[in-house]
Amino acid sequence: MTLRLYDTLTRAKRDFVPVDPARVTMYVCGPTVYNYAHIGNARPVVVFDVVFRLLRRLYGEEHVLYAANVTDVDDKINLKAAQEGVPIGVITDRYLTAYHADMAKLGALRPTFEPRATQTMDAIIAMIERLIAAGAAYAAQGHVLFNTQTYADYGKLSGRSLDDMIAGARVEVAPYKQHPADFVLWKPSKENEPVWDSPFGPGRPGWHIECSAMIEQALGLPIDIHGGGNDLIFPHHENEMAQGVCADGHGTIYANYWLHNGFLNMGAQKMSKSLGNVQLVHDLVREAPPEALRWALLSSHYRQPLAWTDDVIAQAKSALDTLYGALNRAGDVEATAAEPSEAFLDALMDDLNTPKANAELFALAKRLETGSPAERALAKGQLLASGPLLGFLQGVPQAWFHGGADADLTARVDALIADRIAARAAKDWARADAIRGELTALNIEVMDSADGATWKLKEPAA
RNA sequence: GGCCUGGUGGCGGAGUGGUUACGCAGCGGACUGCAAAUCCGUGUACCCGAGUUCGAAUCUCGGCCAGGCCUCCA
């Protein structure tokens, strides 16, 4: 079974063949740190975290290099810094710290590298110089622009021609551009903006060149996988590819597989900071178990749009209740040491079919509930091996059900349950039910079993 | 205007030219002191029209609807 990935450039699912299996490389466009990340921002993080986990399994942990950049030079950062009257570093540090904390809660592993634009300035400038030397870029009025006319494949990734772009242009073309599609590599800084010296004059880099330079510096070209949200296909990735190919000189490949995730929507609209309909991860993780948020994010195929609703989160919680419930009831089953089940792996290998992989987790849970002793032992082992590949089922099952209950509440609940067990043993049903009523009032649901009782903390009634 | 996606049961969501997805919710039953959980069973689906085909929800064409990109954006 080989890994197959849908490649945006060729618009087809292709077998994944890394340039060097001992050094598999992936780059994903990361956050611009000027605010808290919203759940839409988290989708690619979680999706590519799954790719990362899968690649590590296939090629070995030490053979996979994953870089996700941090954009710390940006207009919005400048704006925020100006508003607060602090250096941009204060803003970027604050939100990068929060970003790391939020993504960790969603179970995302830290990338191997997290290059920052401010720390890549030499490489950015060097790359621009090479582009100029190659005739693919020109200076004009303090700017350096990429000359799209010199790159025949420009538009190939996003599937549009230069003519289309001119026809569809909705913005006024800057007078210093030789062609309307040419884009900025270096531009003068405005007053009070951060500024760097360069052979082209003082200024700051364009957004696209930052990524190309960071990729080259962190991973080297070409890379195996380049990922990001599908809104980045044009212009960002199109431009990245143009720069990378033209500056490279090694060949014509920039990234061998382009992966793009679909958008997360709020109702009919996309979630975006500019529309103001965002739900911050920072807030959501306090309202719902982070693992349920992760489940919700992976409950549809990564290339499909995902409508984010309360119901999606509730269904995700119920789904995890079922899986953790099966593990909880199988506490005494000795798990057979096992690999993830074949059906589970097959699903993921087929362009990351996480909904199908999730379905297999349910099949394993069913086997764990109903199988023969040997089947149950194997199913438990497979479930415990499979789940973590998606970042699930890594906690103690009891913790899932008791999550949110502090030590005080836990002690109180345990005492009440002990009383109730005694009452039931004495067939004092009235007292047993009264105690259950008390527990219900505490949002505790009791589940009796032959040898005692388990409980879970429910959501407070809305 | 140009380019590009997608339209599956009450909800979420895979997949396939002819066979149960799966989950959540519902219903019936078993179990239970009663519940819950679990188990067994069960109903509801493939936007519209035409075409190709022995057979299409799955392929083709047209239409309708929804969304995205073309400007910062995951």
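No experiment lies behind these values; they were computed from the predicted model shown. Every chain is numbered from 1, with letters handed out A, B, ... down the list of sequences.
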Of all the nucleotides listed ([options]), which has the minimum atom distance to the side chain of [X]?
{"X": "A/Arg329", "options": "B/G33, B/C11, B/A37", "value": "B/A37"}
{"X": "A/Arg424", "options": "B/C11, B/A21, B/G33", "value": "B/G33"}
{"X": "A/Pro235", "options": "B/A74, B/G15, B/C70", "value": "B/C70"}
{"X": "A/Glu445", "options": "B/A36, B/G6, B/C24", "value": "B/A36"}
{"X": "A/Ala319", "options": "B/G23, B/A14, B/G33", "value": "B/G23"}

Can you tell me how far C1' in B/G12 sits from the matching atom in B/G7, rounded to whole Å?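 Between the two C1' atoms, the distance is 15 Å.
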
Between B/G68 and B/G29, how many Å separate the two C1' atoms, rounded to a whole number?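 So the two C1' atoms sit 48 Å from each other.
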
By the 4.0 Å heavy-atom rule, please label A/Phe362 as base, sugar-phosphate, or nothing.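 Touches sugar-phosphate only.
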
Base, sugar-phosphate alone, or nothing: which one does A/Leu264 contact when heavy atoms must sit under 4.0 Å apart? base

Using 30° and 60° as the class limits, which term best fits the ring planes of A/His226 and A/Trp258: parallel, tilted or perpendicular?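 Plane angle under 30°, so parallel.
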
When you compare the side chain of A/His100 with that of A/Met103, does any pair of heavy atoms fall below 4.5 Å? no

Taking only side-chain nitrogens and oxygens of [X], does any of them come within less than 4.0 Å of OP1 or OP2 of [N]?
{"X": "A/Asn230", "N": "B/U5", "answer": "no"}
{"X": "A/Thr322", "N": "B/C24", "answer": "yes"}
{"X": "A/Lys458", "N": "B/A36", "answer": "no"}
{"X": "A/Lys317", "N": "B/A25", "answer": "no"}

Partner of B/U32 by Watson-Crick or G-U wobble geometry, both contacts under 3.5 Å, or none?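 Base-paired to nothing in any strand shown.
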
Taking any strand in view, what nucleotide pairs with B/G26 in a Watson-Crick or G-U wobble way, both distances under 3.5 Å? B/U42

Atom pair NZ (A/Lys187) and CG (A/Leu145), whose distance is rounded to the nearest 0.5 Å: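 Result: 10.5 Å between the selected atoms.
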
Between A/Asn239 and A/Tyr154, is there a side-chain donor-acceptor contact under 3.5 Å, judged purely by atom types and distance? yes

Say whether, by atom type as modelled, one donor and one acceptor occur between the side chain of A/Asn230 and the main chain of A/His260 under 3.5 angstrom. no

